[in-house]
Amino acid sequence: MGKVVGIDLGTTNSVVAVMEGGKPVVIANSEGMRTTPSVVGFNKDGELVVGQMARRQAVLNPQNTYYGVKRFMGRKYPELTPESKQVPYTIRRDEYGSIKIKCPRLKKDFAPEEISAKILRKLAEEAERYLGEPVTGAVITVPAYFNDSQRQATRDAGRIAGLEVLRIINEPTAASLAYGLDQERSQKILVFDLGGGTFDVSVLEVGDGVFEVRATSGDTQLGGGDFDKRIVDWLAEQFLEQEKVDLRKDRQALQRLTEAAEKAKIELSGVSVTDINLPFITATEEGSKHIETRLMRPQFEDLCGDLVSRLTRPIKRALNDARLTPVQIDEVVLVGGGTRMPMIKALVRSFIDKEPNENVNPDEVVAVGAAIQSGILAGEVKEILLLDVTPLSLGLETIGGVTKKLIPRNTTIPVRRSDIFSTGENNQTMVEVHVVQGEREMSKDNKSLGRFKLTGIPPAPRGIPQVQVAFDIDANGILQVTARDRTTGREQSVVVQGASTLSEGEINRMINEAAEFAEEDRQRRERIEKRNKAKALTDQALRRLKDVTLDFGTQFTSGYRRQIEALNAEIMDSLDKDDERRLDRAQADLEDVLYELKREVRLQYEDEEDEGIFDSIRRTLVGDDEDDYPYTPRGSSYGNDYDTPRYPERSDYGQPRYDERRYDERQTYGSPPSRYERNDRYDDEYDEWDSGDRPSPRSRRPSPEPRRYPPKDSDSYYTRDRSRRIPKENQWDEEDDDWF
Ligand code: ADP
Ligand code: MG
């Protein structure tokens with residue numbers, strides 16, 4: 001079996017961590033970031049992009065870029081609030097009332113589970129790249145307040161991503177698992193997690209290696225994004241008043257407003273005033289319109305007053321359920337980016353008279369906990385026992401529509417509870433078990449998880465038959481309900497599948513589609529790489545021709561010129577017509593011509609070796625291609641063994657540059673970025689480095705002066721080139737000779 005990773009599948013950001021040598025390690029993605037935006041998109045070529053790349057295309061391609069999809073996981077369309085439907089992409093209700101996300105680019109619809117699966121897949125692949133071995137399983141975290149169907153949906157997403165989901169655990173549980181790793185004395189911990197779209201508060205008791213969740217509460221529809229929205233509305237209202245245009249109706253403008261709002265919010269966590277500038281936000285008859293304004297922290301806090309007070313209710317409830325008063329809390333742990341806002345810290349401080357603990361990195365702690373849980377499951381981490389609880393009460397509907405609770409909320413799981421029920425009418429031969437989840441008295445006010453029937457009850461006066469109904473919740477919080485007629489022994493049971501928004505058939509189809517898509521994606525990437533390679537080869541041929549002409553004159557190259565030009569035309573034409581076979585042939589022919597040209601150039605030099613300047617000339621004419629020759633030698637497999645220099649990957653945010661060696665060696669899937677791209681990047685990089693102390697390949701070129709073409713007098717050029725000396729370290733290395 002392959003590796004098992006821990007994944008924090010967040011609304012806004014996701015993180016993957018793994019146990020390595022008994023320690024949890026957060027894995028940076030190939031962009032060099034330790035958190036990956038939970039954004040999935042399809043670019044203009046219909047290619048899948050996930051994470052930062054997807055986030056970046058959100059403004060230009062809002063209809064095909066999906067963020068915040070976690071809010072839709074395991075929910076039915078009618079359950080959505082009007083607010084949560086306000087996203088720049090299109091969601092619709094399918095014939096079963098489930099949510100589908102439209103993808104105009106691919107002309108198809110996705111279930112939220114499928115979109116989440118793409119994030120999970122990306123993270124698993126990042127981990128595979130890092131580990132150099134397949135990742136087959138995952139422990140995935142969910143907000144503690146997630147109901148059964150949301151957990152099921154998360155599990156389904158994992159399956160669609162090709163992962164065995166070994167355990168679904170609550171985020172605050174994971175956080176405390178990471179936090180409490182070295183805890184010895186018993187402590188009561190309050191975990192306060194304000195993420196991008198969800199809010200959780202949990203009370204845990206930690207000590208002696210036992211983690212017990214005493215209570216959980218929260219709100220699945222409240223998070224940092226709501227704070228952004230306050231700023232968006234504030235900006236949009238002002239604009240509406242001044243310009244009579246509602247920017248929220250324009251997808252692109254809304255996206256830009258949202259991004260600016262989030263940026264402002266984050267800045268206000270550090271400074272007390274921020275400027276918001278959005279040039280060309282829209283155009284009216286009077287011309288382009290801009291937003292240029294300033295937001296002060298107190299003003300922002302005013303805008304969010306009610307959101308902050310909404311946060312207090314779940315805290316109170318969790319404390320009540322745990323039968324604790326605020327003074328009994330030993331530690332407060334802040335989790336999630338939202339807790340960086342001063343008003344949030346102040347709120348927590350005012351509630352629990354304690355300085356919140358910020359030792360734990362709020363962005364990573366959940367994934368770290370998930371990795372530790374995977375270690376526990378694999379037997380790598382011992383002496384820790386994790387006790388989780390049900391977030392909501394579970395029961396069934398009885399006469400008059402009243403809910404009879406079988407398992408009250410905050411019961412430690414796994415758990416099994418049963419009770420005896422009877423018939424409500426004489427000679428009733430069938431009972432319907434309607435399973436509900438929630439705290440309300442009347443079943444219709446709770447969430448219906450599913451119904452099933454137990455038939456074949458022998459006719460009897462009402463109240464006589466005895467039907468035993470048992471609820472089993474496994475360690476993942478997934479419920480199985482069994483009803484048994486005590487007289488006949490007839491039994492009927494269901495794993496509450498109604499909770500999942502997808503049927504088994506649909507999941508299987510999606511698993512297959514995801515695999516197919518990956519294959520299609522790979523093929524498309526290969527095609528693009530091939531095209532880039534071909535184009536680069538034609539450029540290369542022209543450059544080579546030019547160099548040789550400069551040195552040996554047009555006479556020498558005229559035959560080659562004809563061949564190269566014809567083959568270049570052939571390549572371009574087959575690219576236009578998408579004729580792969582012709583392309584392959586023309587490319588191979590062109591490589592042959594270049595090889596021949598190179599050989600002849602070398603022969604010319606053999607006579608001149610005695611002159612002692614062999615190195616410099618050969619370097620001039622054939623050597624510097626080593627740096628920018630963008631295609632693979634024929635006969636070597638394209639993929640892992642680069643013969644071109646290793647280029648550091650660019651990474652944003654001033655992060656350390658990516659470890660290139662590892663990138664190359666560990667790249668065990670897919671294909672590397674095309675060389676064409678790498679060369680572009682490489683040129684930029686070196687231009688930047690020119691001022692530094694890195695050797696620039698440009699400086700290796702023996703001829704810094706631009707050459708004129710066509711040369712008036714090629715001989716004089718030749719002479720000049722020959723007289724130039726190359727520094728020792730830049731000289732042609734004999735071993736690299738046969739790179740063709
Ligand atoms: P999730 O668990 O939902 O994926 P995160 O824990 O990553 O979310 O938190 C993301 C939220 O935190 C976003 O709304 C983001 O704007 C917000 N956030 C991140 N940094 C800050 C900050 N410095 N101040 C305020 N909010 C922040
Ligand atoms: Mg989170």
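None of the values given here were measured: they were computed from a predicted structure. First listed ligand is number 1; within each ligand, the first listed atom is number 1. Residue numbers run from 1 in the order of the sequence given. Computation of the quantities below employed the complete heavy-atom set of this structure, encompassing side-chain atoms and omitting hydrogens, waters and symmetry-equivalent molecules.
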Which donor-acceptor pairs under 3.5 Å do side chains of residues 197-204 form with protein atoms, sequence neighbours excluded?
from : atom 1 : to   : atom 2 : distance (Å)
D200 : OD1    : A144 : N      : 3.0
D200 : OD1    : Y145 : N      : 3.4

**Asked** When you look at F42 and F110, which way does the ring pair (Phe, Tyr, Trp, His ring centres under 6.0 Å) test go after all the steps?
**Response** CA-CA 12 Å; F42 292 91; F110 287 108; 5.4 Å; yes

**Prompt:** Using 4.0 Å as the upper bound for N to carboxylate O, is an ion pair formed by R248 and E237?
**Reply:**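 Looking at E237 and R248, the cut-off is met.
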
**Request:** Would you please name every residue forming a side chain to side chain donor-acceptor pair (under 3.5 Å) with S116, sequence neighbours left out?
**Result:**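 None.
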
**Request:** Report the residues that fulfil side chain to side chain donor-acceptor pair (under 3.5 Å) with D330, sequence neighbours left out, ordered by chain and then residue number.
**Result:**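 Expected list: none.
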
**Under 4.0 Å from ligand 1, counting heavy atoms only: the protein residues, by chain and number** =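 Correct list: G10, T11, T12, N13, G195, G196, G197, G224, G225, E262, K265, I266, S269, G336, G337, G338, R340, M341.
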
**Message:** Under a plain distance cut-off of 3.5 Å, with no hydrogens placed, do Q63 and T90 share a side-chain donor-acceptor pair?
**Reply:**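 Note: T90 and Q63 side chains meet the donor-acceptor criterion.
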
